[in-house]
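Worksheet: the structure to be examined is printed underneath.
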Amino acid sequence: MPDALDRLILRMQHLDARARVGALDEANAQKLAYSEFGTINEPPRPTLSAATDRNANAIRHATDRKVAAVVDGKSKQTGQDILADVAADLAEEVQNEIDGNVPPVLAASTLAARRRRGNASERTLVDTGDMLRSIKVEAKRGDGGWPDE
């Protein structure tokens, strides 16, 4: 008959998981990297790092609470479930950051090019909306690599 330690070990095995948040397709991942670090012609407009930094404590606390509930036997969530939930919250914050008109303002030449294409928006990171819509979450069991690594 399993004792309390055996049950704890079994619960802990269900917590082995990984998650990632970001633009998981190559084209939008490149756009996200350009916005994060800037280019020769464009200044950096951090979004992923800004959202992660701003929410680091909330992410840690949410994860700690959910793991503690599993360890205490009050929850049957797996690590994958826990990380998927927490990552979904972070993904929403990243989208809010992208949609939040990250400074600095757009150059006059960029605004003119947008107007020629029929887009009068002055929002910095939302031209087509592709990058905003590309923010996804992946969570999986185990610590093995992702298929695209």
Could you check whether any side-chain N or O of [X] sits under 3.5 Å from a backbone N or O of [Y], counting only pairs where one atom can act as donor and the other as acceptor?
{"X": "Lys74", "Y": "Val71", "value": "no"}
{"X": "Asn55", "Y": "Leu90", "value": "no"}
{"X": "Arg141", "Y": "Gly79", "value": "no"}
{"X": "Asp53", "Y": "Ala50", "value": "no"}
{"X": "Gln80", "Y": "Ala17", "value": "no"}

How many angstroms lie between atom [atom1] of [X] and atom [atom2] of [Y], to the nearest 0.5 angstrom?
{"X": "Lys66", "Y": "Gln77", "atom1": "NZ", "atom2": "CD", "value": "5.0 Å"}
{"X": "Thr110", "Y": "Arg115", "atom1": "OG1", "atom2": "CZ", "value": "10.0 Å"}
{"X": "Leu106", "Y": "Thr124", "atom1": "CG", "atom2": "OG1", "value": "6.0 Å"}
{"X": "Asn101", "Y": "Ser121", "atom1": "CG", "atom2": "OG", "value": "7.5 Å"}
{"X": "Leu125", "Y": "Leu132", "atom1": "CG", "atom2": "CG", "value": "9.5 Å"}
{"X": "Glu97", "Y": "Thr52", "atom1": "CD", "atom2": "OG1", "value": "9.5 Å"}

Are Ile59 and Val21 in one and the same hydrophobic cluster, where Ile, Leu, Val, Met, Phe, Trp and Tyr link if side-chain heavy atoms are under 4.5 Å apart?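 Yes.
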Hey, does [Y] have a side-chain heavy atom less than 4.5 Å from the side chain of [X]?
{"X": "Ser134", "Y": "Asp25", "value": "yes"}
{"X": "Thr47", "Y": "Met131", "value": "no"}
{"X": "Val105", "Y": "Glu122", "value": "no"}
{"X": "Ile82", "Y": "Val70", "value": "yes"}

Search all heavy atoms of [X] against all heavy atoms of [Y] and return the closest pair with its distance.
{"X": "Ala91", "Y": "Val137", "answer": "CB-CG2, 3.6 Å"}
{"X": "Asn119", "Y": "Asp127", "answer": "ND2-OD1, 2.8 Å"}
{"X": "Ala84", "Y": "Ala139", "answer": "CB-CB, 3.8 Å"}

Show your reasoning for whether side-chain contact (heavy atoms from CB on, under 4.5 Å) applies to Glu36 and Ser49. CA-CA 7 Å; Glu36 216 36 57; Ser49 62; 2.3 Å; yes
